[in-house]
Amino acid sequence: MESVQAVAEDGASDGGATKLSKKPSGLPFARGTPADDGGGHLAPSRVEAKNGNRLSHSASTAGFSASSRTEASNGRGSSSNSSSLLLRRRRLKRNLSAAAATSATSAVTAACSAKLSSPMSSASLHTRSLDRKTLMKHRQNMQLQPADREWVRADLHRGSIHVHDRLTPSYPRPVLCTMDTTAGEVALHHGGNSCNSSLTLYVQLHGEAVRRLSPDERPLQIQNDFLFKLGFKDPWRVQEEGLNTEIGSLLRFYAGKPQNIESSERVQLSGMYNVRKGKLQLPVNRWTRRQVILCGTCLIVSSVKESQTGKMHILPLIGGKVEEVKKHNHCLAFSSAGPQSQTYYVSFDSFTEHLRWHRHAAKMVSQRINSVDLSCCSLEQLPLNLFYSHDLTHLNLKHNFLPADQRFSRLRSLNLSNNHLGQFPLAICDIPTLMEVNLSCNYLASVPGSVGAMTNLQTFLLDGNSLDELPNELGSLQRLSYLGLSFNQFNHVPQVLERLASMEKLCMAGNNLETLTLQNFRLLHVKHIDLRYDRNHLPVVAPSDEPDLLRHVTQLDVRDNRLMDLDASVFPRLEVLHCERNRIAILKARGCLLKGIYASNNELRQLDVSPVPSNLSCMDISRNHLESLPDWLCEAKKLEVLDVSHNLITELPARLLCSNSLRKLSAGHNQLQKLPERVERPLLEVLDIQHNQLVELPCNLFLKSDSLRCVNASANKLEHLPPSSLSDESHSILQELYLTNNQLTDKCVPMLTGHSHLRILHMAFNHLQTFPASKMAKLEELEEVDLSGNMLKTVPTTIMNCRRMHTLIAHSNAIEVFPEVMQLMEMKCVDLSCNELNEITLPENLPPKLQELDLTGNPRLNLDHKTLEQLKYVFVSLQVICRTSADLLSASGGPAVWSHGYTEASGVKNKLCVAALSVNSFCGSREALYGVFDGDRNVEVPYLLQCTMNDVLAEELHKTKSEEDYMTNTFLVMQRKLGTAGQKLGGAAALCHIRHDPTDPGGCFTLTAANVGKCQAILCRDGKPLSLSLLHNVGLEEEYRRIRQHRAIITEDNKVNGVTDSTRIMGYSFLYPSVIPCPYVQTVTLTPQDEFFILGSRGLWDTVSPTEAVEAVRNVPDGLAAAKKLCTLAQGYGCTDSLSAVVVQLSVSEDCCSCCCSEPPQPPPSPGLGPYPSSSSGIKERPSDSSLPVPPSSCSEISSEISTSEMSSEVGSTASSDEPPQSSLLPSTRSCCALHPACLAGSFQRQLSSATFSSALSDNGLDSEDEEPIAGVFSNGSRVEVEADVHCLKAESSSSLPQTSLPLSNSQERTLEESWQGVGAAGGDGGKLAGKRRVNGSVARQEKSHNLIEVAADAPSKKSGGYFTAPAQPDPDDQFIIPPELEEEVKEIMKQHQQKQQKPPGTDQPTDYYDTPL
């Protein structure tokens, strides 16, 4: 019978899915044969076996027994059995490593017997993962067949779940079912297939804890509910997502508990090893093979040979030792602590086991307390061996599915949070030694009276439950000092709290206290009261007759309520007051013992504190409506930190800068016109006075402030600086000076020389024309200098004296000579973009730490071959701007509608945690896509979003037609791909998509913006900012209610579960369903009043307001210069995080007509689904199969079976494809309106240019309109952007660059030809180099696979009354930079263009060819 079964199992049949449906009798049934995928894993087959291979089933049984499968009879079974086994054997021999050759041989021998055992199946599956082709073939075999999909799509109540095997979870098995199919039926089916009817279905979310499903739960309903909560709205789309195998990265079903979780090393280690007790020198003790277990805090050794029966020897390891025994291979010595210590020697079978045991035992012996951490282990019951740890005092069991156990008699601390407890665990009440109990985030509705038995309890946390009452027995806990009742359902303060004499801290945040009646606290003995997020609408009702009854309260926290006014003077002994994010206009407090006032984000107009708070050390009253500060601030003798920024203050107290205690003063974003003149040796270290109206600083500010280390006076009207000393000797210790965006001239430079310890100097966007070399020579400790946006023509040569210099930023000047900064060995970043450089001279040896040399926007720069050779190991982005023929203007249908520029800047830790996406011609020339991604402190997430999100959006455009749904689905699908890539962290994202209105393809352009997190998009309309984004946080009432519905905790730093302050953000899947990736989507129709829009990361908008950003770049017609200016301003204002800014300039004319270019571009070969019915319209008829989506070939797919490194290169390959367009294109001769640019066909590409702008002219004198043309150069005001990305990774071969022939490929030639024809889209897109990060990050890194020249041209120029038109005369200085080897070739190209030939240029190139600008 076994041989017949093996024949049936190995028989060849088409792969498919098992279908579970309902018979009239209610019993589940399935028809089909298990199909072998060629590697030993049995996949379920379709409903009917094809080619006459039909499997008979018993209609009266629902067990899917193995005996019914053996009745299959076909002519191919026996022959395919031997061939299949032979094929397996060949694959095993090819894939197994040499180290496993012996085990592989035995496994294959076992496989050649008539029955394939389960270990063999597991081995072959693990072997298959080494063979990529076999892996892809197996994945294809496990996909749903077309007939399966037809069956599913016939009814919305049908679907598919993917069930993973507990031993090999990488290979899911699709199971067709309905909404009524229960987990018991699915488990019964799998149990019948594997001769194990006791299997249970498990579910796992986001790779976290694995939960057992009860038999009556419905898996398909669970899956659909998950997708709806994630953000999908259309039930048809939810059904489609369920058919995708990649859903396993978000939600998985398992047939049985996964082996890697069930046998977790964190729970216990066990095995049969040779053990010896006592000293090795004693001849009495001998090596015997015993069962050894490492669990809890003990080493457990059985007394009976090779058995777990009998007496177990317990060896406590806390405070003991674990050492390697050098005389024996793979041997460890375990010793207990104390005078009665014992030693056990354990000899392991392999070095891997030896390392694993050594690592875990070393953690145990290093602990000072007897603690065990079993959190997030998906435990349903405690391991029995844990109870041998009798001395256990601290047990962490959070994020499991455990009830309590009273067998730990010495337990002091127990954490049972997030254990899905529906009832209070009564067992813990029988543990008298408990001092700390955490039952947060469960489903408790009541607390029993038996809690009064825990008389030693000091900390009792019940946050995040459904409690509304407390038992009277709780009052017997006289030692209870901390009670957590936050985020429950209390609508009053329980009276039982009055009996708790020792309680010091009471947390009742996030309850339903409608009125904050302080009278309720008069009898409490609580010192610290937390009443955050109680949403109090009414004023605080204070006791009038007994004001001293609240004298015990020392800390009051009423943040994030709706308080209109607060009289905290009723707390006579109050020390710390938190009342941020309210609506308080008048704040009163008693200052006798006051140490801290935190009242930011209110509407304060009056602050009354009496008497003078002599103990006050910190006061934050920023972001209010204060017009003046109280005079008593000068008398606060212990005040160290004062933040009064973002108010309406016109002057500071006269003696504030005479304080002997104040160390940090933040007074930015006010209306200060001058600072107090009286400065008397203050201890002030940090002075922030940015964004005021200061014309000058106090003349003795630097003379008298001996402790001043950092001054930020950016965004003022300063014209000169005060002196640092009156003689050559200076005592200044100033290290950081930020003077960005002022009116400083050359006269202020000599005033800097006295600050000899200056490390950071920001003087961007001032009126500097020169920086004298003699003055720079005295600033020898400079490390970072930003002189951007001035009128400098040179960088002082004495910068060579600054040996510690690592960053020089001087973009947007008129610098003509390249400085000699490359001789500084610490140099990391040099940004000289948007200047007038002609050539650069480099030393023989470049700085070893150099990460970035940014030379973009230098139109006259000419690089010789020697320089290119020197830069081959450095990331350099060069853009040489030239002009093209004037006759292309009419052929292209008028100037472009949009152009862009962008930049990126890394933070203080040199980590670039942001990325920008720019596709000027997205799916055709009539669409564009721009994006900004911010990973906070994560580097990988922004890069993955940048490489993949445009592909996902291109695919979604063919699946959904709704303006909102296609953007929403893009973010949701990207969440799945992040999970597939193994990313649990996340980041913010903002996307802007320009296209025609789908309902009117010939009409006006629309801009659809979507965002999650703190990345935002701002549109400039009529010179005013129009927000296109929404910040989702707990401050929004709708978001607050949603996360409270899902029992999330908001910590004191205003973060969801202490992780993120955004409630909608990419990634962070472990916070589902509180934090989801569903974006805010807004669509606007572009009008002639729309000038540009800005996308920025979190760091940009935290320091630069939308109004200031619009005003700063409105008069900068150069997209690159505008983006760089925004980032420079943010850094000058104190931003230390990574920055990214994209500026997209618009030129929408009045004629929003219905004309379009000659032929619309053909969409990618994907039929699409057509419009889905909305979820509100009920269940509609499904589209036919002919309209079902086929993913475009350009869209990247991330496989869960592929490593993260493989995925990174895989997803980037299609996002910036180098493939040529599918058809040769010529400029249309049809007359078009200025609204529509020339169309492009073929697959879209992300351009390589780092920070490109395809149209507007620079305002720094780079372009001219009144110069004579030169022969042989075409010009119409457009610019051909030639980018030479000179980066060369260390090649494995020894050949050097001059010896290597690099001919242009067909795609490169075709791109070059199209650029001469004027139909190429302007490059402005961010390629990336997976290399070192850079300091200011103004240029995106390049892909490893890109080393080519990209040319693009359709850039109009400036005219009066608008941004774009053609100049009257060409510029003679804008010439093509052509190496000698390419002169003939370029002339031939020009000749062919003049003759309007359609034939592409020849492919032959000189052998000595370089990637150099043309």
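Both backbone and side-chain heavy atoms feed into the values below; hydrogens, waters and symmetry mates do not. The structure displayed is predicted, hence computed values, not measured ones.
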Q.
If the test is side-chain contact (heavy atoms from CB on, under 4.5 Å), which one of P1079, C1078, P1077 qualifies with R1064?
A. C1078
Please tell me if the side chains of [X] and [Y] come closer than 4.5 Å, counting only heavy atoms from C-beta onward.
X     : Y     : answer
L1129 : T740  : yes
L1120 : T856  : yes
D1102 : C1135 : no
L929  : L953  : yes
W1101 : I1018 : yes
D1090 : C1020 : no
L917  : N950  : yes
T948  : Y943  : no

[Y] and [X] side chains, donor-acceptor separation under 3.5 Å:
X     : Y     : result
N692  : Q690  : no
Y738  : D786  : no
E927  : H996  : no
Q1016 : Y1080 : no
H811  : T1128 : yes
T1083 : T1008 : yes

Q) Can you check side-chain contact (heavy atoms from CB on, under 4.5 Å) on N742 and K717, steps first, answer last? A) CA-CA 5 Å; N742 279 284; K717 300 179 181 179; 5.6 Å; no
Q: Over 60° means perpendicular and under 30° means parallel, so classify the ring planes of Y1133 and H691, tilted if in between.
A: perpendicular
Closest heavy-atom contact between [X] and [Y]?
X     : Y     : answer
L1086 : I994  : CD1-CG2, 4.1 Å
L1100 : A1141 : CD2-CB, 4.1 Å
A1130 : T1103 : CB-OG1, 3.4 Å
N601  : N624  : N-ND2, 4.1 Å
C992  : L1007 : CB-CD1, 3.8 Å
N670  : L648  : OD1-N, 3.4 Å

Q.
Can you tell whether the side chains of K1124 and D1118 come within less than 4.0 Å, N to carboxylate O?
A. no
Q. Between D1137 and R1098, is the closest basic N to carboxylate O distance under 4.0 Å?
A. yes
Q | Residue pairs passing the ring-ring contact (aromatic ring centres under 6.0 Å, His included) test where at least one lies in residues 1006-1030, sequence neighbours excluded | A | none
Q: Begin from the C-alpha positions of I1076 and R1042 and carry the test side-chain contact (heavy atoms from CB on, under 4.5 Å) through to its verdict.
A: CA-CA 11 Å; I1076 57 176; R1042 185 179 61 81; 3.8 Å; yes
Q: Measure centre to centre between the rings of F1092 and W898, then say whether the value is under 6.0 Å.
A: no
Q. Are the side chain of S714 and the backbone N or O of G1132 linked by a donor-acceptor pair below 3.5 Å?
A. yes
Q) Under 3.5 Å, is there a donor-acceptor pair between the side chain of E1091 and the main chain of L1019? A) no
Q: Scan for side-chain hydrogen bond (donor to acceptor under 3.5 Å, both in side chains) pairs involving residues 1026-1038, sequence neighbours excluded, and state none if there are none.
A: R562-E1037
Q: Give the C-alpha distance, both sets of side-chain angles, the deciding distance and a yes or no for side-chain contact (heavy atoms from CB on, under 4.5 Å) between T1006 and V1084.
A: CA-CA 6 Å; T1006 62; V1084 296; over 6 Å; no
Q) Are more than 12 heavy atoms from other residues, nucleotides or ligands located less than 6.0 Å from atom CD of E627? A) no
Q.
Just to verify, which of F922, F1005, Y930 counts as forming a ring pair (Phe, Tyr, Trp, His ring centres under 6.0 Å) with H993?
A. F922
Q) Within 45° of the axis and under 6.0 Å from the centre of the six-membered ring of Y966, does NZ or CZ of K959 qualify? A) no
Q.
Does the structure place the NZ or CZ of R1114 under 6.0 Å from the centre of the six-membered ring of F1093, at an angle of no more than 45° from the ring's axis?
A. no
